[in-house]
Amino acid sequence: MSIGIRNIGKRFGSFVALDNISLEIPTGELVALLGPSGCGKTTLLRIIAGMEVADAGQITLSGEEATHLHTRERQVGFVFQHYALFRHMTVFENVAFGLRVKPRGERPSEAKIREKVMDLLKLVQLDWLAERYPSQLSGGQRQRIALARALAVEPRVLLLDEPFGALDTQVRKELRRWLRRLHDEMHISSVFVTHDQEEALEVADRVVVMNQGRIEQVGSPDEVYSNPATPFVYQFLGNVNVFHSRLHGPWAEVARESSSQATAFVRPHDIEILRESVTGAIAAEVAHVQAIGPAVRVELTHQSEVIEVELSRERHQQLGLANGDAVWLLPKSVTVFDAAGSEPRRWVPDWVI
Amino acid sequence: MSSKLSHNVLPGFRLSLGYAITYLSLLVLIPLGALIAKSTALSPADFWSVATNERALAAYRVTFGASLVAALINAVFGLIVAWVLVRYPFPGKRFVDALVDLPFALPTAVAGITLTTLYAGNGWLGQLIEPLGIKVAFTPMGIMVALTFVTLPFVVRTLQPVIEDIEPEVEEAAATLGASRAQTLWRVVLPQLFPAWLTGFALAFSRAVGEYGSVIFIAGNMPMVSEITPLLIISKLEQYDLVGATVLAVVMLVISFVLLLSINLLQWWAANRHSGRSPVEALAPGARVEGAGA
């Protein structure tokens, strides 16, 4: 089912949590709301669920007006960061809860409830825990039960608030893949909130990057990573070097085209380290070499600013860098944003080796 | 067991256990032991006849009956007071919160005299309700009123922190699953409060059973009708019937102990069933309290 968000605004006192947000989420899509804490992503999710009331704007579910519907009438499944399981009920009763509270006319028979709950527990691969209590489960198990509980009422939308936030890295990765698979099987529109860019890029069909109550960019994971629309997105997704272009030879020339107040962004793996000077290269000194994992990370200083560069292992061996070496840096790809906030310019220097 | 103790992380286990046992012995076990020892001066048959004397039986009924009613009234209204104090902001909330503790601080005799003055036939409340045929002062009803007043703080104060601890998310989760407000309250909120609610009930009940000061002023103290056991014990003492007084005390002690033990077992069961442990395990020294993070 599709979700329509139109001109939603929300304030808490003088703090603007959401500033005129509009977004369409088509049926069957898995969307990530990504942003730093305090950017309004959880508030937006809670407004979709009806747990928070927007000051302005409209929410539609399947095209139907839902702005003033009560949470229980919206048929949304909600998964909380800290699970919010009912402690005094067994796993089975937790999942059955949504079926048992249905009005008498719609409530399935005891046998039907049993069958449905056991099916869901099998789906989350925890049917062997049916008689346990939540306190006897691990975090990952609890979150899967919370998901089964949300799915029991056959929600039209599934909303997940930092669903993996309280779990450790291993369990997180496993659950991410599992959520993706589950989504592909169920084909239910899902929105999940996260501050973890890796999680958003790995799981979602579409990523909505938010900052300070506004949407910065909407796009596929590849789009937002490769073509960030704003300086914020550039910095939030992955590591990046920021240059105030006047200071840095070739980058300054780019900036001069539009205005002198431009900022240039270069990803660490888009910088080449050279032993001798070429046109456009800037001088730097090696400060620290970290050779862990497939790539080698080198920290350099240029006029007391730190520049981060990522090299392949082979290149690192050719160069044989040591702390204190004087080297030259050349950018392979640069994105420049000018102060006026116009479209970013992507620029690939022609003298790249 | 000894190996478990030696691995305990907290230092001073033996010292603090020894201290606790000595303290409890001096304050509770030795006086109670002396009481029971004294009562054995009578033969079992004599003991039984004193203990089941008609006037004594009536006094037990009044004492335990009125205490039970008072504890039940407070269980219901104390829950409401605690809920309101935690959940709703309103002007003067701190003041009302402080009022709850007053029955603790007020000398019980003052409470008894005040209530008697209010509910007597010419008192402020008495003159309003007596024409309706409701007589409070100098009847068993008066005992209930006094006991309800004195035991009010127990249920409220036991429930408040537990209500504060309920995560709002759990209620929101119930709402997303389609539960109405009443269903959420009945199926989600109240079951979580149940263990603490039982504790509050047990505390209120045991305090009511032992209450003396406030009751004797309002009760009228008519034998067989509105005479409580503690008063009967005092009157026996005044007649130098030391053994008779001890017998009644022992009977009260045994009934109270059995009632409190069963309430506690029920409470242990309620508190631990969702972590899958039996009361015996829950009592074991190595047992940890889990589920707080759930």
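Scope of the values below: all heavy atoms of this structure, side chains included, with no hydrogens, waters or symmetry mates. Convention: sequence-line order gives letters A, B, ...; per-chain numbering from 1. What you are looking at is a predicted structure, and each value in this text was computed from that prediction instead of being measured.
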* To do: Compare all side-chain heavy atoms of B:Glu172 with those of A:Thr71 and state whether any distance is below 4.5 angstrom.
  => no
* Heavy atoms from other residues, nucleotides or ligands near NZ of A:Lys116 exceed 12 (cutoff 6.0 Å) -> yes
* Within 6.0 angstrom of A:Lys112 NZ, more than 12 heavy atoms from elsewhere -> no
* Just wondering, are more than 12 heavy atoms of other shown residues or ligands nearer than 6.0 Å to CZ in B:Phe104? -> yes
* To do: Dump the intermediate steps for side chain to side chain contact (heavy atoms under 4.5 Å, CB included) on A:Phe80 and B:Val170, then the final yes or no.
  => CA-CA 9 Å; A:Phe80 297 84; B:Val170 173; over 6 Å; no
* Asked: So how far is it from B:Glu167 CD to A:His82 NE2, rounded to the nearest 0.5 Å?
  -> 8.5 Å
* Asked: Heavy atoms, side chains only, cut-off 4.5 Å: are A:Phe78 and B:Leu177 in contact?
  -> no
* Asked: Around atom CZ of B:Phe90, are there more than 12 heavy atoms of other residues, nucleotides or ligands at under 6.0 Å?
  -> yes
* Structure fact -> Only one of A:Arg74, A:Met51, A:Arg72 passes side-chain contact (heavy atoms from CB on, under 4.5 Å) with B:Thr176, and that residue is A:Met51
* Asked: Under a 4.5 Å heavy-atom cut-off, does chain B meet the side chain of A:Ala150, its backbone, both or neither?
  -> backbone
* To do: State, to 0.1 Å, how close B:Arg187 and A:Met89 come at their nearest heavy-atom pair, and which atoms those are.
  => O-CE, 3.5 Å
* Asked: Out of A:Glu73, A:Lys102, A:Arg100, A:His70, which one racks up the most heavy-atom pairs below 4.5 Å with chain B?
  -> A:Arg100
* Asked: For the side chain of B:Glu169 and the backbone of A:Ala84, is there at least one donor-acceptor N/O pair under 3.5 Å apart?
  -> no
* To do: Please lay out, stage by stage, how A:Val101 and B:Trp186 fare under the test side chain to side chain contact (heavy atoms under 4.5 Å, CB included).
  => CA-CA 11 Å; A:Val101 296; B:Trp186 185 248; over 6 Å; no
* Please say whether more than 12 non-hydrogen atoms of neighbouring residues, nucleotides or ligands are located less than 6.0 Å from CZ in A:Phe12. => yes
* Asked: Where on A:Arg46 is there a heavy atom nearer than 4.5 Å to chain B: the side chain, the backbone, both, or neither?
  -> side chain
